[in-house]
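The chains referred to below are lettered A, B, ... by the order of the sequence lines, with proteins before strands, and numbering in each begins at 1. What's counted below: heavy atoms across the whole structure, side chains too, no hydrogens, waters or symmetry copies. Only a predicted model underlies this, so the values are computations on that prediction, with no experimental measurement involved.
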Number of protein chains: 2
Amino acid sequence: MSGNIRQRLRDEIENEILTGHWVPGHRLDEVALANRFGVSRTPIREALLQLSAAGLIEVRPRRGAIVASVGAERLIEMFEVMAELEGLAGRLAVRRHTDADMKAILETHEACRQAAEAGDSDAYYYENERFHFAIYHAGHSQFLFEQCSALHRRLKPYRRLQLRVRNRVAKSFAEHEQVVAALTAGKEEAAGRALHDHVAIQGERFSDFIASLSHARSSDMRQSAAAKT
Amino acid sequence: MSGNIRQRLRDEIENEILTGHWVPGHRLDEVALANRFGVSRTPIREALLQLSAAGLIEVRPRRGAIVASVGAERLIEMFEVMAELEGLAGRLAVRRHTDADMKAILETHEACRQAAEAGDSDAYYYENERFHFAIYHAGHSQFLFEQCSALHRRLKPYRRLQLRVRNRVAKSFAEHEQVVAALTAGKEEAAGRALHDHVAIQGERFSDFIASLSHARSSDMRQSAAAKT
DNA sequence: TCGACGACCATTGTATACAAGTTTGTTGAC
DNA sequence: GTCAACAAACTTGTATACAATGGTCGTCGA
């Protein structure tokens, strides 16, 4: 139970950020975190530096670490890259999937269907994640799997918010159906395109979506600034 | 001149790895590095952890850090992803490039031509890098630029080795010509495909290439093991 | 009353000390 | 002679102390 402490800290802090519990711009106080987790500053610092290397936080020399703020343009860029990688994963999945891979994909697809029909966006959010990971896995490229996973996790909070938009769950599932159809038919290009568009469509709608989000954030910051005084 | 020490250490160590000065599997001794750079273990550890987050080294709890060994399959996977991202960068460059972007691309292209005609593979290696970065830049996607840069740097040593293969420089330049032609003609898909294939072709040839590389490495290790006794 | 300069305090960066674990070498027994 | 077990030394992980810097608050002057 040593050496894993840093790992645990990294995961906990990462989780706080990815769940949106800490707003972008939120300052990460080393001593406060050390007290909270009952450790010294050293492992905290090491965890923070790892997170900074992953791009989740920004460390400004002598001025502490803050949760990285992801601007609208950058978010769109990230979805753009994600779309490209998902497309690749889809094509590779068609070429390389085993029976077990396809079984896993179809199972998660069915779980998505149930969540979608129940109108349960939180359940859909969870099953959707499993569906995509099943496809990454079926591509049989460890590196691509890691890249996709990292980006997927990074975009998690925004994806979750978007699923709450009216009808988005139903549309998302319809897109999944196309993906599955192409996969089972063994149509490489179609599967790639379907997955690409499935992700890209989310990025494309973000221009206006972000506007409301950054609005909410600025009110949050006003709130926390007021609480500080 | 503080807080940059860690950055400097990170870059120095990263450089040692990327230039192939330290073989995969090489153990990174914290005190040795601390002595070498004239600092304490703390900033060394922090630099190492950042590198581990970037995937350049592996840290095994209580057992120290080693230079990550990149297996043949993984290397091919990385080129596969790189090809995909370069393709995207090419297509975006067609859509979004400014006059200055195109000027930069053509300039580096000409520099490549001169190096290729001179048969100077080292110069070509350098100019080739600038050429690709110019294209990443022309895509006007900060995130994509970062992803491409990181992967490009990561694959640097292998690319350099490959350029020494007979005729590879000439063939590489011929591929660049196609890329430039598609870019100037404004053909998005063609540019994307040309760049994709330009990178993918390198990965595809690695199966046999790696065999000789790992052979050379094992003889290196025998050598260093002999030197140790 | 507003702005600028200075001092103090809070927080980060680095070093060192201490604890815990892994590896290696030596010794003994089979 | 070889294998195993124990011990010591070396290496990593964590805590704490100290140094350095940036921000903030207060005071003084215009």
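- For the OP1/OP2 pair of D:dG23 and a distance below 4.0 Å, the side-chain nitrogens and oxygens of A:R63 include at least one atom meeting the criterion.
- Rounded to an integer number of Å, the gap from B:I66 CD1 to C:dT23 P is 12 Å.
- Both tests pass for B:R160 against the ring of B:Y125: distance under 6.0 Å to the centre and angle within 45° of the axis.
- Summarising the geometry, the separation between CD1 on B:I5 and P on D:dA19 is reported as 16 Å, rounded to the nearest angstrom.
- Ring pair A:H152/A:F133 is perpendicular by interplanar angle, where above 60° counts as perpendicular and below 30° as parallel.
- Spacing between atom CG of A:L9 and atom P of D:dG13 amounts to 14 Å, rounded to whole angstrom units.
- Between B:H109 and B:F131, the ring planes are tilted. Angles from 30° to 60° get that label.
- The side chain of B:R27 contributes an N or O atom lying less than 4.0 Å from OP1 or OP2 of D:dT12.
- Between B:H140 and B:F145, the ring center distance fails the sub-6.0 Å criterion.
- For the pair B:N4 CG and C:dT12 P, the interatomic distance rounds to 17 Å; values are reported in whole Å.
- Within 6.0 Å of CZ on B:R74 lie more than 12 heavy atoms contributed by other residues, nucleotides or ligands.
- Donor-acceptor pairing under 3.5 Å, judged by distance alone, is absent between the side chain of A:R62 and the base of D:dT21.
- Using a 4.5 Å cut-off on side-chain heavy atoms (C-beta onward), A:H137 and A:Q142 make no contact.
- Within residues 28-47 of chain B, the residues that place at least one heavy atom under 4.0 Å from DNA chain D are, in residue-number order, B:L28, B:D29, B:E30, B:R41, B:R45.
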